[in-house]
Amino acid sequence: MSTDGLPAAPTVPETGPSETEGDWSDRLFGGFRRTSERLTGNLSGIVGGGRLDSAQLDALEDALIMSDLGPRAAARIRDRLAEERFERGADERAIMEVVAREIAEILRPVAKPLDVVAFPRPQVVLVIGVNGSGKTTTIAKLAHLFQEQDYSVMLAAGDTFRAAAIGQLAVWADRLSIPIVRGPEGGDPASVVFDAVKAATDQGIDALIVDTAGRLQNKRELMDELAKIHRVLGRLNPEAPHDVVLVLDATNGQNALSQIEIFKEVAGVSGLIMTKLDGTARGGVLVAAAEQYGLPIHAIGVGEKIDDLRPFNPDLLARVIAGIA
Ligand SMILES: Nc1nc2c(ncn2[C@@H]2O[C@H](COP(=O)(O)OP(=O)(O)O)[C@@H](O)[C@H]2O)c(=O)[nH]1
Ligand SMILES: [Mg+2]
């Protein structure tokens with residue numbers, strides 16, 4: 001589904017009735033269950049009190065690395081645990097409290113919602129990422145979020161590479177009753193973006209969200225295409241794009257990190273949205289990304305429906321990863 005280069009199915013799930021808060025957090029928790037089981041699974045035999053011994057610390061560090069948190073975050077958490085003096089009879093949970101606190105320390109500095117602040121309007125949000133990462137779906141969710149905050153939104157179908165991609169965005173635009181600027185399949189994305197910025201400016205739109213193609217297998221072409229979009233945007237508004245949001249699929253695990261590297265190089269990334277944190281065992285990569293790149297994380301995707309984009313809550317997520325939420 002999310003292999004580089006394979007076209008994503010152009011499915012647009014129905015916007016079903018809103019779920020309760022519990023449903024989505026259950027799905028998020030479900031996605032991290034294997035991570036938290038792996039962490040606590042290594043703790044059997046910790047009784048008494050005082051400090052963890054080096055075998056226990058090794059086991060925990062390994063489990064953190066296996067859970068995609070990355071070697072740096074894992075070492076940092078290990079160091080923190082090594083310093084901790086536990087009370088007599090401290091159980092697994094007491095240890096996981098320390099783990100969660102340290103993960104939250106890593107995540108807190110990068111939690112930053114995407115705000116509509118650009119003046120003059122519109123705020124131009126360029127959305128990039130490999131095919132199948134969830135760009136188009138995330139754009140729809142983001143548009144919905146902005147609408148809920150009473151901002152006017154316009155979409156630009158800058159992924160002209162696949163006809164289905166234009167159609168998929170158009171279906172969402174229709175469903176959300178927001179205008180979309182689109183061109184022909186195979187057309188020049190930069191000209192779509194040019195038209196869209198002009199239309200959004202003329203109509204006093206608050207936020208223009210631009211979809212793009214994610215042809216990572218042809219880095220040169222991708223780079224040229226994004227550079228051209230940048231040039232066109234800059235000509236109309238020197239501040240644009242105001243945001244370059246990289247959408248990452250959490251199920252890709254460590255591959256998400258190499259995608260950050262590549263897209264930073266070809267497009268300059270200002271922030272991240274990580275999708276598919278429902279039902280993946282690899283969401284720990286979010287911690288690795290925060291620790292290694294320090295890029296703002298704007299939101300997380302926890303499902304395919306329109307309101308499945310959630311604020312990035314570092315304390316909650318840290319507790320979910322540690323299995324004590
Ligand atoms: N479970 C789940 N699926 C998602 C999420 N975000 C996107 N998807 C699905 O991932 C697939 C690819 O998404 P799409 O938006 O077309 O990706 P794009 O190629 O980057 O534009 C679709 O089937 C989406 O419904 C998410 O947060 N959770
Ligand atoms: Mg798409």
Side-chain angles (χ1 to χ4, degrees), residues 1-16 19 23-33 125-145 155-173 175-176 180 182-183 185 189 192-193 209-217 222 225-226 229 244-253 255-256 259-260 262-263 267 269 272-283 285-286 297-312 317 320:
M1 170 172 65
S2 51
T3 312
D4 294 0
L6 287 183
T11 50
V12 176
E14 290 301 317
T15 43
E19 297 161 17
D23 288 332
W24 80 265
S25 50
D26 282 354
R27 269 181 285 130
L28 180 62
F29 292 17
F32 280 102
R33 191 159 297 135
V125 182
L126 192 63
V127 178
I128 60 176
V130 302
N131 287 340
S133 59
K135 285 184 299 299
T136 305
T137 313
T138 299
I139 287 168
K141 293 170 176 174
L142 206 53
H144 177 63
L145 194 74
L155 304 183
D159 181 357
T160 59
F161 196 61
R162 299 173 294 165
I166 302 173
Q168 187 189 358
L169 193 71
V171 169
W172 279 119
R175 215 175 262 170
L176 296 168
I180 175 171
R182 53 191 283 185
E185 180 192 354
V192 173
V193 171
I209 313 179
V210 181
D211 198 5
T212 62
R215 284 175 285 159
L216 201 54
Q217 64 275 38
L222 179 72
E225 186 167 306
L226 291 171
I229 290 175
V244 181
V245 177
L246 174 62
V247 174
L248 295 170
D249 174 345
T251 62
N252 282 336
N255 272 336
Q259 289 170 16
I260 297 178
I262 293 169
F263 278 96
V269 174
L272 307 174
I273 292 180
M274 192 162 280
T275 63
K276 310 188 195 180
L277 282 169
D278 50 313
T280 174
R282 314 208 61 184
V285 70
L286 198 113
I297 299 177
H298 297 308
I300 56 173
V302 293
E304 298 185 276
K305 296 215 183 84
I306 194 71
D307 44 14
D308 286 338
L309 189 72
R310 297 289 154 177
F312 176 63
L317 205 68
V320 170

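All ligand and atom numbering here is 1-based and tracks the order in the structure. The first residue of the sequence shown is numbered 1, and numbering continues consecutively from there.
- Close contacts between ligand 1 and Val302 involve ligand atoms 27 (O) [criterion: under 4.0 Å to a heavy atom].
- When every heavy atom of Glu185 is checked against every heavy atom of Ala163, the shortest pair comes out as OE1-CB, 3.2 Å.
- Which parts of ligand 1 touch Val130 is read off a 4.0 Å heavy-atom cut-off, strictly below it: atoms 20 (O).
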Query - CA sep, side-chain torsions, deciding dist, call: Ile273, Leu309, side-chain contact (heavy atoms from CB on, under 4.5 Å) - result: CA-CA 9 Å; Ile273 292 180; Leu309 189 72; 4.0 Å; yes
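- The only option from Val210, Asp159, Thr160, Leu226 that meets the side-chain contact (heavy atoms from CB on, under 4.5 Å) definition with Pro189 turns out to be Thr160.
- Residue-level proximity to ligand 1 for Arg162 is carried by the side chain, the only part with a heavy atom below 4.0 angstrom.
- Which of Ala165, Ala299, Gly303 comes nearest to atom 26 (C) of ligand 1 through a heavy atom is settled by distance: it is Gly303.
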Query - Residues Met274, Val285; criterion side-chain contact (heavy atoms from CB on, under 4.5 Å); working and verdict - result: CA-CA 10 Å; Met274 192 162 280; Val285 70; 3.8 Å; yes
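- Close contacts of ligand 1 with Gln168, meaning ligand atoms under 4.0 Å from a residue heavy atom, involve 14 (P), 15 (O), 16 (O).
- A donor-acceptor pair is defined here as one N or O able to donate and one able to accept, closer than 3.5 Å; such a pair exists between the side chain of Thr275 and the backbone of Ser133.
- Residue contacts to the Mg ion (ligand 2): Asn131 brings no N, O or S atom closer than 2.8 Å.
- The shortest side-chain heavy-atom distance between Ile128 and Val269 falls under the 4.5 Å cut-off.
- For ligand 1, none of its N or O atoms has an N or O atom of Leu277 under 3.5 Å away.
- A heavy-atom distance below 4.5 Å is found between the side chains of Ile300 and Leu286.
- Annotation for Ile166 and Ala157: closest pair CG2-CB, 4.1 Å, computed over non-hydrogen atoms.
- Among the atoms of Thr138, none of the N or O lies under 3.5 angstrom from an N or O of ligand 1.
- With Asp249 as the fixed residue, the salt bridge (Lys or Arg N to Asp or Glu O under 4.0 Å) test singles out one of Lys276, Arg282, Lys135: Lys276.
- When heavy-atom distances to ligand 1 are checked against a 4.0 Å cut-off, Asp211 has no atom that comes that close, whether in backbone or side chain.
- Per-residue contacts place Asn131 under 4.0 angstrom from the following atoms of ligand 1 (heavy atoms of the residue considered): 19 (O).
- Considering backbone and side-chain atoms together, Asp278 places an N or O closer than 3.5 Å to an N or O of ligand 1.
- Listed by number with element, the atoms of ligand 1 under 4.0 angstrom from any heavy atom of Gly301 are 27 (O).
- Counting heavy atoms under 4.0 Å from ligand 1, residue Lys305 does not touch it at all.
- Residue contacts with ligand 1 leave out Gly129, since none of its heavy atoms falls under 4.0 Å from the ligand.
- For Gly214, the closest heavy-atom approach to ligand 1 does not fall below 4.0 Å.
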**Report entry** Derivation of the side-chain contact (heavy atoms from CB on, under 4.5 Å) call for Leu155 and Asp211
**Finding:** CA-CA 8 Å; Leu155 304 183; Asp211 198 5; over 6 Å; no
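- Ligand 1 has no N or O atom lying under 3.5 Å from any N or O atom of Thr275, backbone or side chain.
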